[in-house]
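Note sheet for the following structure.
Not measured: the values here are computed from a predicted model. Any value given below was found using the heavy atoms of this structure, including those in side chains, with hydrogens, waters and symmetry copies removed.
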Amino acid sequence: MAHIDVTDQTFDKEVVQSSVPVLVDFWATWCGPCKMLTPIIDELAGEFADKVKIAKVDVDSNQASAQKYNILSIPTVILFKGGQPLNQLIGVQSKERYKEEISKVL
Amino acid sequence: MSSVYDVIILGSGPAGLTAGIYTSRAQLETLLFAGLKWGGQLQLTTLVENFPGFPQGIQGPDLMKNMRDQAEKFGTSIIDQEFTAADFSKKPFQINTNEKSYSAKTVIIATGADTLWLSVPGEKKLLGKGVSSCAPCDAFFYRGKKVAVVGGGDAAMEEALILTKFAKEVVLIHRRDKFRASKIMQERVLNHPKVKVIWKTTVKAVLGEDKVSGLKLKTENKGIWELAVEGIFVAIGHTPNSSKYKGIELDHKGFVKRKETYEGGLLRYFTSTNVPGVFTAGDIHDYRYKQAVTAAGYGCMAALDAEKYLEEEV
């Protein structure tokens, strides 16, 4: 299962109202480190299939969402459960680190 | 089970990748550890105007992509992982990750340098929440805001100029009464209407709860005072990534020491460390010049030193 691209318009439905935990990756096309995260995000999407939703938000075109969650640096990955932002990881981390955070919300 | 590489290169900035180009063109089996974030400091910069050969300049990430493609073209194997331990106590040298162990007859240490932080209260807590060291990365989030840049060298000038494109006001804070940056960069900054400079000032603390709200400053002849800002970009220098190198001589600041050796009055090795067969290149050693082109130059010399070592001593 691939990641889903979420916008300001779909954020509430896809992330806040999601019945499963959601990992949201805030990124931008001009952000080099964000590109390094792409394969890791794709692997996580495959490995956690139905248990965790993996979403990506392009901050360029979705500034409302970025501002709402106080994004001041990218990549920022936030783990949501029950609509609440529980934990966040700023900057590129290892795949193991993201898995560790995901297991805390499962 | 793995075979022994001729060369293992640690680091994927201009030093490491240039070394890879040279060793693989010399038909040496080359493995390069690129780390989680390959490409070094140039991945986080915008236009590089002073790397020779590019009169129009070249974007940092593009230059690094070119270097990586070039190294891979000639046969350098690149692992996009961090190594966890390096053992130089016996031959062949061992470089380990969490999963595997790799052996090599020679090693080139080129892991460069990382941001030197202020190490003041609040800085670590608010990292990514108003504290940054990369204007090209984060300036976008400070549109219309007032931000501070700390430093006096070219990096600080560059950070400030990039921020002027987004921020409402850029306050440049420096502990001395003049910058050490190149003249051209100083002029661009000092003439910019959005930039204000505060001299002879150090940062005592970063203030704010969930994000940066201000700085506690100390100015000579003025004492302690607070400046309200929404972001702080630290550009005071770099610290070498040398914590994993057991047995390798470092200077008192952690930079890898270089040992020149001569034979019969002629230079034999220029980039050797205290361990024969282990060489060094780039900002992990060079705190004086630290340019992309000097790192690349060092990478080439280290590669040629490794090649000579393999021919004559292994």
Can you tell me if [X] has over 12 outside heavy atoms packed within less than 6.0 Å of its [atom1]?
X	atom1	result
Lys37(B)	NZ	no
Lys194(B)	NZ	yes
Lys196(B)	NZ	no

Measure distances from Lys65(B) to the heavy atoms of chain A and classify the residue's part below 4.5 Å as side chain, backbone, both or neither. neither
Side chain, backbone, both or neither: which part of Lys129(B) has an atom under 4.5 Å from a heavy atom of chain A? both
For side-chain contact (heavy atoms from CB on, under 4.5 Å), just list the numbers for Glu230(B) and Leu72(A), CA-CA rounded to whole Å, side-chain angles, deciding distance to a tenth of an Å, and then say yes or no. CA-CA 10 Å; Glu230(B) 294 183 74; Leu72(A) 289 171; over 6 Å; no
Quick check on Gln63(A) against chain B: is it the side chain, the backbone, both or neither that has a heavy atom closer than 4.5 Å? side chain
For chain B, the option from Ile40(A), Asp60(A), Thr76(A) that forms the most heavy-atom pairs under 4.5 Å: Asp60(A)
Mind checking which of residues 17-37 of chain A sit less than 4.5 Å from chain B, heavy atom to heavy atom? Trp30(A), Pro33(A), Met36(A)
According to the disulfide (SG to SG under 2.5 Å) rule, which pairs have a member within residues 36-106 of chain A, sequence neighbours left out? none
Quick check: do Phe141(B) and Val59(A) have side-chain heavy atoms less than 4.5 Å from each other? yes
Closest heavy-atom pair, Leu127(B) versus Ile90(A), reported as atoms and distance to 0.1 Å, is O-CD1, 3.7 Å
